[in-house]
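For reference, the structure discussed in these notes is given below.
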Amino acid sequence: MDYEPERSSTILDGLNPQQREAAAHVSGPVLVLAGAGSGKTRVLIHRFAHLVSTGVDPSRILAITFTNKAAGEMKSRLAGVLDGLARDAWVSTFHSACVRILRRDYDKIGGKRNFTIFDTDDQLTVVRESLKELNLNDKKYSPHAVLATISRAKNSLRNPAEMSGGAAGFFEERCAEVYRIYQRKLRESGALDFDDILFETVRLFRERADVLEYYQGLFRYILVDEYQDTNRAQYEIVRMLAARHRNVFVVGDDDQGIYKFRGADIRNILEFERDYPDSKVVKLEQNYRSTQSILDAAWHVIKHNASRMEKRLWTDSGLGQPVIYYRSPDQTSEAVFVAGEIRRLRDAFGLAFSSFAILYRTHAQSRAFEQVFPTMNVPYSIVGGLRFYERKEIKDILAYVRLVRNPADAVSLRRAIGSPKRGIGERTVEKVISYASREGIAPLNAMGRAGEIEDLQPSAARRVEAFGEMMGSLAGSLEKGLFLLIDDILDRTGYLASLEAEGSIEAMSRVENLKELLNVAREFEGSAVEGAVDAFLEYVALTTDQDSYDDVQDTVSMMSLHTAKGLEFPVVFVVGMEEGVFPHMRAMGDEAELEEERRLCYVGMTRAKDLLYLTGARDRMMYGEMMPAIESRFIKEIPARLLSKVGDDAGW
């Protein structure tokens, strides 16, 4: 097909000199260090369009993004620029591109081209089957933890034998055995999991030179967005595909590499020039989002990272207001201050609620804001997460509280009895509830008479009776108060222990949320000693009422710092600026983890367009106790001249 080239000057019109330099470079490897808000997507679009304008067939260009949404947006924008000429282009995520490759050639290394892709639930089922085959207890070897360990091995391109040979301890050795069985079962099912899609593409390229040569010839130009977020498998795919033509164009920002926990390796972008000694490096340092005050404050934080490539953002938008820093007495006062500032700015400047974002290190921090905002008429929405009281682990524990308070609550019984799993199935529960109905007693009370229930196997009856006995003992904790009741539930039910044994990032996040629930309980006892349990349950029921949040078009956005990547807001509050909160306590003593936390802080700060607030507390409720908090090192890294301190501590 012949393509009518457009004039390159037309395609590149509107780009600044650095953007134009990057987009116009045709041959050889290019690294575009694109600072926050510097227009990297614009450069990728115009680079692609420029290649087509010079006569390159769009089907010979591979453009990789990290989300399906980003891929869709790129296709849409390309369609506008190229008037439909990019229909045959490979614009997709890594996984989508690899599935397309495997559908064509997977049989050449013994795979099935019509493979199915297992989701997380499917994978966990196979892990459990594998554990059973190896006679390994799934209480000791949490399926989630085992699956996470296998995933890390696959992202590092290690097969079961390689994982076993390099196992760091007994647990990883057992996981390597599970990995071997797990892969066999996937093969028998003709299935791949999410990590296999990348792993098997690398294996295909390594074992079949003819297949690799085909794709090397097909893709004369390779464009990769968010290169700092690539893992080892993705790095290898890019390296192998680009080996012939070497026209690899990667865009990223080492200062925004925040996905190490997903397997991303920041070294991929830091060592690009080592991999391609003849590469051209273009820095995009002009920022089109934030004020200079915000950019300067963020730079003074990120410059403390040793593992980074020097760049400093600037803007012609003006100096703007200094970064506002408020250190509150405690987390509730922090939330009250934030809500007050939102209302003040809204009244003074006519800003919509949607102009504001609250960013926190962990989702558990949202609780104080969710408690305060309704009382101050500030509507909000949780982005990338559920409201605090709607999270699974919170609902699970609340089911126990409700069941202790009301043994007739069959809905709570169904939820509590399966969390954590006790080998009591749904059919058994239904038999108990039916028996209770016939006898006119509460379902929980019926559990003490499980031996009388027809068609209930003796082993099932014993498990039911054990659960009933445990709940009976928890009923005695009602007299101790709300805090000790929840503390006893977390302990006696084994719920907290099961999450801690799982050890995954998701499980640890849930543990933090449960510890925050203890903080809530302590606060409730402080304000309502009499009837605290009933008052608490009533409060939760009211605050989770969706009728209070009809106007979803104009709400304050609350989200974790990881979720905020790629977004921007006129006014941003980064909250919890304390040691152990942000940076997170898991990073203490580990320089690489601290650098990741600092990058996360940089990302959060550079989400702000006009006004940035940093807030923290002098004392924070931790594990049910009010404890003194140490100011975050990130605050101390910002020169005093860039901060405007407000509140009682404004003078120190």
Side-chain angles (χ1 to χ4, degrees), residues 1 3 22-23 25-32 34 40-79 81-82 84-106 197-206 208-252 268-269 272 275-276 279-280:
M1 180 176 181
Y3 293 90
H25 189 83
V26 174
S27 300
V30 181
L31 167 61
V32 181
K40 69 177 180 64
T41 303
R42 182 178 177 84
V43 170
L44 279 168
I45 297 294
H46 285 78
R47 157 75 168 183
F48 196 116
H50 175 67
L51 290 174
V52 176
S53 76
T54 61
V56 176
D57 184 336
S59 67
R60 307 294 298 278
I61 304 172
L62 172 64
I64 294 293
T65 67
F66 263 78
T67 66
N68 290 317
K69 179 181 178 182
E73 290 175 352
M74 182 177 287
K75 288 178 183 176
S76 177
R77 291 174 66 174
L78 280 171
V81 174
L82 294 174
L85 290 179
R87 281 192 300 268
D88 298 328
W90 285 55
V91 180
S92 68
T93 64
F94 270 105
H95 287 85
S96 295
C98 288
V99 165
R100 189 171 172 182
I101 290 169
L102 291 173
R103 292 293 187 206
R104 178 182 182 272
D105 293 306
Y106 194 30
I197 293 169
L198 302 177
F199 188 101
E200 291 299 284
T201 301
V202 173
R203 188 167 75 88
L204 173 64
F205 288 164
R206 286 176 174 176
R208 290 298 299 257
D210 58 328
V211 175
L212 176 58
E213 289 172 3
Y214 169 80
Y215 287 103
Q216 286 175 337
L218 177 62
F219 300 129
R220 285 186 57 198
Y221 296 91
I222 299 173
L223 287 65
V224 185
D225 194 9
E226 305 287 6
Y227 192 65
Q228 77 279 353
D229 294 332
T230 52
N231 60 28
R232 172 71 189 284
Q234 292 160 337
Y235 166 85
E236 278 295 304
I237 290 168
V238 172
R239 185 190 65 80
M240 288 189 285
L241 288 176
R244 179 186 297 183
H245 296 295
R246 304 186 77 257
N247 294 324
V248 56
F249 183 95
V250 303
V251 181
N268 292 347
I269 191 168
F272 185 85
D275 296 334
Y276 301 94
S279 62
K280 181 180 184 63

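Keep in mind that this is a model prediction, so the values were computed, not measured.
In this structure, F66 has its ring center closer than 6.0 angstrom to the ring center of F94.
Looking only at distances, no side-chain donor or acceptor of E200 sits under 3.5 Å from a matching main-chain atom of I197. In this structure, the side chain of S76 does not engage the main chain of E73 through any donor-acceptor pair within 3.5 Å. A donor-acceptor pair under 3.5 Å is absent between the side-chain atoms of R220 and the main chain of N247, judged by distance alone. Distance alone, capped at 3.5 Å, is enough to place a donor-acceptor pair between the R60 side chain and the L218 backbone. Using modelled atom types, no side-chain atom of Q216 and backbone atom of A242 make a donor-acceptor pair closer than 3.5 Å.
Distance OG/S92 to CZ/R100: 7.5 Å, rounded to 0.5 Å. Here the straight-line distance linking atom CG of N231 with atom CG of L198 works out to 6.0 Å at 0.5 Å rounding. From L102, atom CG reaches atom CZ of R203 across 9.5 Å, with rounding to the nearest 0.5 Å. C98 SG to I64 CD1: the interatomic distance, rounded to the nearest 0.5 Å, is 7.0 Å.
Judged by the 6.0 Å and 45° rule, R208 forms no cation-pi pair with Y214.
For the pair V91/F48, a side-chain contact is recorded, criterion being any heavy-atom separation below 4.5 Å from C-beta on. At least one side-chain heavy atom of L31 sits under 4.5 Å from a side-chain heavy atom of I269. Using a 4.5 Å heavy-atom cutoff, the side chains of K280 and F249 are not in contact. Between L241 and L62 there is a side-chain heavy-atom pair separated by less than 4.5 Å. Counting only heavy atoms from C-beta outward, the side chains of D275 and R239 never approach each other to under 4.5 Å. Residues L204 and I101 meet the side-chain proximity criterion, which asks for heavy atoms closer than 4.5 Å.
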Yes or no on salt bridge (charged side-chain N to carboxylate O under 4.0 Å, His left out) for K40 and E226, after CA distance, side-chain angles and deciding distance? CA-CA 9 Å; K40 69 177 180 64; E226 305 287 6; 3.2 Å; yes
Kindly determine whether Y227 and N268 satisfy side-chain contact (heavy atoms from CB on, under 4.5 Å), including the steps that lead there. CA-CA 7 Å; Y227 192 65; N268 292 347; 4.2 Å; yes
Could you walk me through whether L223 and I61 pass side-chain contact (heavy atoms from CB on, under 4.5 Å), step by step? CA-CA 8 Å; L223 287 65; I61 304 172; 3.7 Å; yes
Test V43 against T41 for side-chain contact (heavy atoms from CB on, under 4.5 Å), laying out the working first. CA-CA 5 Å; V43 170; T41 303; over 6 Å; no
List the steps and the verdict of side-chain contact (heavy atoms from CB on, under 4.5 Å) for I45 and R42. CA-CA 5 Å; I45 297 294; R42 182 178 177 84; 5.9 Å; no
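Taking both residues in full, the closest heavy atoms of A22 and V32 are given as CB-CG2, 3.8 Å, listed atom of the first, atom of the second, then distance. Closest of all the heavy-atom pairs between Q228 and V251 is OE1-O, 4.4 Å. Contact between V52 and P58 at its shortest, heavy atoms only, is CG2-CG, 3.9 Å. A pairwise comparison of heavy atoms in L78 and A49 identifies CD2-N, 4.4 Å as the closest pair.
With sequence neighbours excluded, no residue forms a ring-ring contact (aromatic ring centres under 6.0 Å, His included) with Y235. For Y276, the ring-ring contact (aromatic ring centres under 6.0 Å, His included) partners at least two apart in sequence or on another chain are F272.
A donor-acceptor contact closer than 3.5 angstrom is absent between the side chains of D225 and T65.
Salt bridge E236/R206: present, at least one basic N to carboxylate O contact under 4.0 Å.
Between W90 and F219, the ring-plane angle classifies as perpendicular under the 30° and 60° cut-offs.
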